[in-house]
Asker: 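Quick one: the structure is below, questions incoming.
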Amino acid sequence: MARLDVTETFHHISFPGHIHTQDSLNYALHFQFQDRDTVIATYPKSGTTWMQEVVTLVKNRGDPQLSKTVPNWARAPWLEQHYCAKGSKAKVIYVARNPKDVVVSYYHFHKMAKFLPEPNSFDEFLDGFLEGTVSYGSWFDHVKGWTSQAGVLAHFLYISYEEMWLDLRGSIERISSFLQCPLVGKELTSALRHCSFSSMSDNAMVNYTLIPQEIMDHSKGKFMRKGKIGDWRNTFTEEQIGCFDTVYSCQMQDCPLTFLWECPES
Ligand SMILES: Nc1ncnc2c1ncn2[C@@H]1O[C@H](COP(=O)(O)OS(=O)(=O)O)[C@@H](OP(=O)(O)O)[C@H]1O
């Protein structure tokens, strides 16, 4: 099957060509947010879809009707894909995930997403990730850039994929109170049920099976792939761990963020 992986660059960052990069990114750059907007900001494969589901369920008080009938990209559109309504004191939720799991997830996603360059070996992909030449640029720049906004933006919530994974109920409570939409009783129980990995894996509105084969080759893998902490251990070699850790400690030396790299239960 032919690939659609034309890459364009914007401000020296690679983007998949299908998003009409120059127009879309210029639009995103000058976008005026409204106070009632909520922005979900993530580096790819860090829990975007999960947070889209949580925010939908919170805003609908745990009622899954919308999340079962409208695809996630229509409920929480990608700003860089031009489909947004106009939007100052918007609430920003930034989700980060430990980058070893991000790069493994991203590598598998490149195999199925025809709008991204076909990856060769994981070794080569990891080099591109550490250099920041992969689509959407450097994970380090993204995470450091966004988290440096914590004290600058009026309403900013930082949460990690791992926090959500370990304590989804507590995370939904935090998110719902941040969104000034606290869930109670059955609302919270329902939201919790519908944004579990298994529920989202079965929900065509969020598992990307609605996307045609020419754009996502579902025979190459599932979007809702594993949903785990520490899966990187199954891919990284000792040499790759050493290389990653060297770049990570150099890039993150002045950054106070810490990540959970392994699942405590394993
Ligand atoms: N509910 C839930 N629980 C646990 N994990 C979940 C959940 N929803 C999505 N995921 C996992 O998130 C990974 C996809 O990340 P993104 O949604 O940011 O991908 S994308 O950038 O929008 O393509 C991808 O991770 P991997 O499984 O490691 O590939 C998804 O499986």
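Both ligands and their constituent atoms are indexed starting at 1 by order of listing. The basis for the numbers below is simple: all heavy atoms, side chains too, and nothing from hydrogens, waters or symmetry mates.
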Asker: Are D202 and K68 close enough, and set up right, to give a salt bridge (Lys or Arg N to Asp or Glu O under 4.0 Å), and what steps lead you there?
Answerer: CA-CA 10 Å; D202 290 341; K68 299 286 184 201; over 6 Å; no
Asker: Suppose the criterion is ring-ring contact (aromatic ring centres under 6.0 Å, His included): which pairs have a residue in residues 171-203, not counting sequence neighbours?
Answerer: none
Asker: Near ligand 1, which protein residues have a heavy atom under 4.0 Å away?
Answerer: P44, K45, S46, G47, T48, T49, W50, R97, S105, F109, Y161, C195, S196, F197, M200, F223, M224, R225, K226, G227
Asker: Does anything in residues 169-185 pair up under side-chain hydrogen bond (donor to acceptor under 3.5 Å, both in side chains), and if so which pairs, sequence neighbours excluded?
Answerer: K91-Q180, E163-R174
Asker: Given the side-chain rings of H110 and F125, with only the six-membered ring counted for Trp, is the space between their centroids under 6.0 Å?
Answerer: yes
Asker: Do F129 and Y106 have their ring centres less than 6.0 Å from each other?
Answerer: no
Asker: List for me each residue that meets salt bridge (charged side-chain N to carboxylate O under 4.0 Å, His left out) alongside E187, sequence neighbours excluded, and say none if there are none.
Answerer: R61
